[in-house]
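Here's the structure we're looking at; comments come further down.
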Protein chains: 2
Amino acid sequence: MNEIGLRRRATVHDVARAAGVSLATVDRVLNSRPGVRAATAEKVEAAIAEIGFQRDLSASLLARARDLKLSFIIPDGSNEFMASLADAVARRVGPALADRMHIETHRIRALDADALARSLDALDARQCDCAVIVAGEEPSVQAAVDNATRRGIVVMTLVSDLPGTLRRHFIGIDNAAAGRTAASLMGRFLPDGGKVAVIAGSLHLRDHSDRLEGFRAALAAEFPAIEIIGPIEGHDERSETQAIVAELLERHGDLAGLYNLGAGNSGLVAALEASKRAGAIRVIAHELTDPTRRGLRSGAIDVVLDQNPDGEIREAIAAARSLALGSSGKPVTDPIEIGIFLRDNLR
Amino acid sequence: MNEIGLRRRATVHDVARAAGVSLATVDRVLNSRPGVRAATAEKVEAAIAEIGFQRDLSASLLARARDLKLSFIIPDGSNEFMASLADAVARRVGPALADRMHIETHRIRALDADALARSLDALDARQCDCAVIVAGEEPSVQAAVDNATRRGIVVMTLVSDLPGTLRRHFIGIDNAAAGRTAASLMGRFLPDGGKVAVIAGSLHLRDHSDRLEGFRAALAAEFPAIEIIGPIEGHDERSETQAIVAELLERHGDLAGLYNLGAGNSGLVAALEASKRAGAIRVIAHELTDPTRRGLRSGAIDVVLDQNPDGEIREAIAAARSLALGSSGKPVTDPIEIGIFLRDNLR
DNA sequence: TAGGTCATGATGCACGTACCTCATATCTGG
DNA sequence: CCAGATATGAGGTACGTGCATCATGACCTA
C-alpha cells in the first residue's frame, strides 16, 4: 500500500513562480518563441528541471485545437509484410483519433529511393508533425530525412534504421540478433554442415544487411561446417525470388538449407514445392504472413522469425506522441521482440 | 495518399444541436446524472450514434482536474513472475502520469483469497477508477469483484481470468493454447513416449487449470504414448516445488519429462541439479525470470513459455484508459502473445 | 387552483496550455 | 542621455468537458 500523492502536478504557473518570471515568458521558452534572453531562458529551464514540470500533452493539444498529424510512408508492391504493416496502421486510425492523433498512410513504390525522398520533401510541417518511414540507406533519402527534420518534422524510421541521419528514433527489432538466431537454429538443424543459400531483398536495406551480418558472424563462430552461398538479391519480389530459388535448387543438388532474410516468400514456397524438395531442405524465413503461414503448415518452411507489425505500429504511435512536443530525450518504448514461429505455435 | 479530414470532430455542442436538446441535458445523459426522461435520453443517444460523437478523454480528465486512478493488486511472495509484473507496473508509473493516470500497486499475500477480497472491498470508487487484479477462482474474490463493480469501479483481470463475474476485461495469454504448445513440444521431444510429470501452482488459478486442460487434450490427441503423472500443486512456492520435484525424481527413475505450468522454478531447477539428472529430462516451464533463464542456460530447462509482463501491463493501462469513461464495448487491445524461449533466443 | 415535484434550459467557471495584444521595463548604440 | 530596439509582464480568449446554480415550464395531486 503506497501513499496517494496529494501534491498537484506542476503547471506552467508553478514554473513561472519558481523561475521568478511571468507566464508569458515561460510560454515563450516552452514553445521556443523569440524574444527571450539566453539568461532568462536558462532560469526557466532550471525551474522546469527543479520542480519537475511536465507539460500536459492533452491540454496542450486541446489548446491548439488541433490533432497531432502523423504520416506513415510504407512501401507498396507485392511485399506482404508491408501490407500487414499498413493494415496495422489502419487498425489504429480510429483509436488514435480519440487521442487527438490524425494518422494518414502513403504507399510508395518499393525500393524507390527517389519516390520516398519526394514524398518526404512534400510534407508540410504545418500539416505533419511526424513522419514514420520504412527506408533503405540511399543518399537521397538520407538527405530528405535531414531536410524534413530541419523543417520541424520529427522523422522516425521503422523496420529498417537510418543511422547517421537526423531521424529521432528507430522502431524495429534488433536485426543482427535476428540473423544470429537464424544461424543458431540453422546450425542445430544441420549438425553435419552443408550448403546454405542466403537470399536478401536489397543490401541497401539496413535491416537486411544487419541480418546478414549477424547470420554470417554466428555461423562462422559456432558452425564452421556450414558453407554460405550468396547472398543473392531478390528485391523482395515474388517472381524474382521464385526464379532465384529455382535456379539455386537446380544448380546445387546438395543444398541443405535456405535462409531468406527478405520478403518474396510466396515465390520461395512456390519454387520449393515445384522442385519436390520442399521438406528436405531446412528453410528459415522472415515475417508471419499468408505465404509463410502456408509454408509452415505444408512443411516447406521450418521456422519463421517475426517482428510483430502491430506492436511496431503501436510503439511508433506512442513514440510520436511523446516526441511531438519536443521532449528532448528518447521516448520510453518497449523493445520489439523477435517472435519465433514453428508449425505448432502459429497464431 | 488519402484525404485529410477537414471536418471538426464532433463535440457535446454538436450532440445537443443534433438531438434538439440543451447542453445541460447532453451532459446529464453522458455522465448518467439523474433528471432525464427515458425518451429524452434516447434522443441524445441516437444523436451521439448518428454523428459519431466520441467524448474527448483528455478534455474530460482535464475538466475534472483529476487523474485516472488505477490500482494494481499483485500477489507477493517468492513468485518471480509476480515480481516482474510489479516491476513492469513501476516502470509505467512515470509515463502514465504524463497521461493523467495515477497508478498505485498493492502487494498481497499470494493465494490468499480473503486478503484479496478485503483489498478489493477497501477500494473507494472516488479514489480508484479501475482495479487490475491477479486472482484465483475463489467465491470470496468473485463476490468482491462483483461488489467493486457495483460500486462503480472497473475491474479487470490480469494473467488469470474470472469468467462469470462482472469483471470488464481480461488481459493475458490464451492459456489453453500455451498448454497445447507445451504438449506439442514435449511430444516431439519424446518420440518414444514415457512419463511426464505435471506441476501446477494451484488449480484454483484459472490460468493453471486452462494450461493443464490444453496440455492434457493435446497430448491425448497427438501423443498417446505419453503418460501424465499428477498434477501436483506446488503453490507457486520455491521450497514446496523443490520438495515435490525431488520426490518425483526419486520415485520415478524413468521420468522422461516435466512440465511446470506454475511458478516456483528456482525450486525446480535446484531439485533437478541436485539429482544430477538435469539435462536428461525434458523440462518445460513458464515465464522468463531469473531462475528460468539460469535453467535455460545450464540446460536444466529446455523451453520456457513466456507471457511478456511488460506487454500485459501496457495493455492493462491502455484498456483501463479506454474503459474509464464508460465506453460500453470491449476495448481494442493487442492480444498478448505466447513467447517461446530456448537457450538460443534468450533476450 | 395553489403548491409541489420533476424535466429541461441557460449560463458561468474551472481545468492546463496556446496564442494574441498591449503596455512597460531594460538594454544598446551613437 | 535619448531614441529605438528588445525583453518582459499583464491579461484576455479559446479549446472540450465537468459540474454547479438558477430559472422556467410541464405535470401531478390534494
Side-chain angles (χ1 to χ4, degrees), chain A residues 7-44 47-48 51-68 97-102 126 129 324-327, chain B residues 7-44 47-48 51-68 97-102 126 129 324-327:
Chain A
R7 250 192 4 258
R8 280 178 318 107
R9 59 197 308 119
T11 75
V12 279
H13 295 83
D14 302 319
V15 174
R17 207 175 316 117
V21 301
S22 78
L23 215 59
T25 299
V26 174
D27 179 68
R28 292 192 252 264
V29 173
L30 275 178
N31 299 295
S32 40
R33 273 185 262 277
V36 182
R37 249 182 319 192
T40 313
E42 268 171 42
K43 274 200 304 184
V44 175
I48 289 177
I51 68 179
F53 167 78
Q54 255 195 291
R55 155 168 29 198
D56 185 322
L57 217 182
S58 314
S60 163
L61 288 175
L62 178 58
R64 302 183 203 213
R66 82 194 195 81
D67 288 8
L68 220 50
L97 222 47
D99 272 340
R100 307 193 78 86
M101 317 229 310
H102 186 97
R126 285 163 311 187
D129 301 278
L325 291 191
S327 75
Chain B
R7 247 192 5 258
R8 278 178 320 107
R9 58 196 309 116
T11 74
V12 279
H13 295 84
D14 302 320
V15 175
R17 207 175 316 119
V21 301
S22 78
L23 216 57
T25 299
V26 174
D27 179 69
R28 291 183 181 108
V29 173
L30 274 179
N31 299 293
S32 40
R33 274 185 261 276
V36 182
R37 249 182 318 196
T40 314
E42 268 171 43
K43 273 201 303 185
V44 175
I48 288 176
I51 69 179
F53 167 77
Q54 253 194 293
R55 154 166 35 194
D56 185 322
L57 215 186
S58 311
S60 164
L61 288 175
L62 179 59
R64 301 183 207 212
R66 81 194 195 81
D67 288 7
L68 218 51
L97 222 45
D99 272 340
R100 305 194 81 87
M101 317 230 309
H102 186 98
R126 285 164 310 187
D129 302 278
L325 290 191
S327 74

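Predicted, not measured: the structure shown is a model, and the values here were computed from it. Here is how names work: the chains are called A, B, and so on, in the same order as the sequence lines, proteins then strands, and each is numbered from 1.
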### Query
Out of dG18(D), dA18(C), dT8(D), which has the shortest distance to the side chain of Arg33(B)?
dG18(D)
### Closest to side chain of Ala24(B), choosing from dA10(C), dC19(C), dA7(C)
dA10(C)
Is any side-chain heavy atom of [X] less than 4.5 Å from a side-chain heavy atom of [Y]?
X	Y	value
Asn31(B)	Arg55(B)	yes
Leu57(B)	Arg100(B)	no
His102(A)	Leu68(A)	no
Arg9(B)	Asp67(A)	yes

Scan nucleotides 3-5 of chain D against the protein and return all N/O pairs shorter than 3.5 Å with their distances rounded to 0.1 Å.
none

### Query
Quick one: Arg28(B) CZ to dC6(C) C1', roughly how many Å, whole number?
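One finds 11 Å between C1' of dC6(C) and CZ of Arg28(B), rounded.
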### OG on Ser22(B) to CZ on Arg17(B), rounded to 0.5 Å
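Those atoms lie 13.0 Å apart.
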### Task
Look up atom OG1 in Thr40(B) and atom CD in Glu42(B), then write down how far apart they are to the nearest 0.5 Å.
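Between atom OG1 of Thr40(B) and atom CD of Glu42(B) there are 9.5 Å.
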### Message
Looking at dG9(D), I'd like to know if its phosphate oxygens (OP1 or OP2) sit under 4.0 Å from a side-chain N or O belonging to Thr25(A).
### Response
yes
When you compare the protein's N or O atoms with those of nucleotides 14-17 of chain C, which come within less than 3.5 Å of each other, and at what distance?
residue, atom, partner, partner atom, Å
dC15(C), O2, Leu62(B), O, 3.2
dC15(C), O2, Ala63(B), N, 3.2
dG16(C), N2, Ala59(A), O, 3.4
dT17(C), OP1, Asp56(A), N, 3.2
dT17(C), OP2, Val12(A), N, 2.8

### Task
For Val29(A) and Val36(A), work out which heavy atoms get closest and say how close.
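Scanning both residues completely, I find the closest heavy atoms to be CG2-CG1, 4.0 Å.
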### Query
Can you name the closest pair of heavy atoms from Ala18(B) and Ile51(B) and give their distance?
CB-CG2, 4.1 Å
#### Entry: Residues Thr25(A), Lys43(A); criterion side chain to side chain contact (heavy atoms under 4.5 Å, CB included); working and verdict
CA-CA 11 Å; Thr25(A) 299; Lys43(A) 274 200 304 184; over 6 Å; no
### Full working for side chain to side chain contact (heavy atoms under 4.5 Å, CB included) between Ile48(A) and Leu30(A)
CA-CA 10 Å; Ile48(A) 289 177; Leu30(A) 275 178; 4.0 Å; yes
### Message
If the helix axis at each end comes from five base pairs, how far does the helix from dT1(C)-dA30(D) to dG30(C)-dC1(D) deviate from straight, to 10°?
### Response
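Taking the rotation axis at each end, their angle is 30°.
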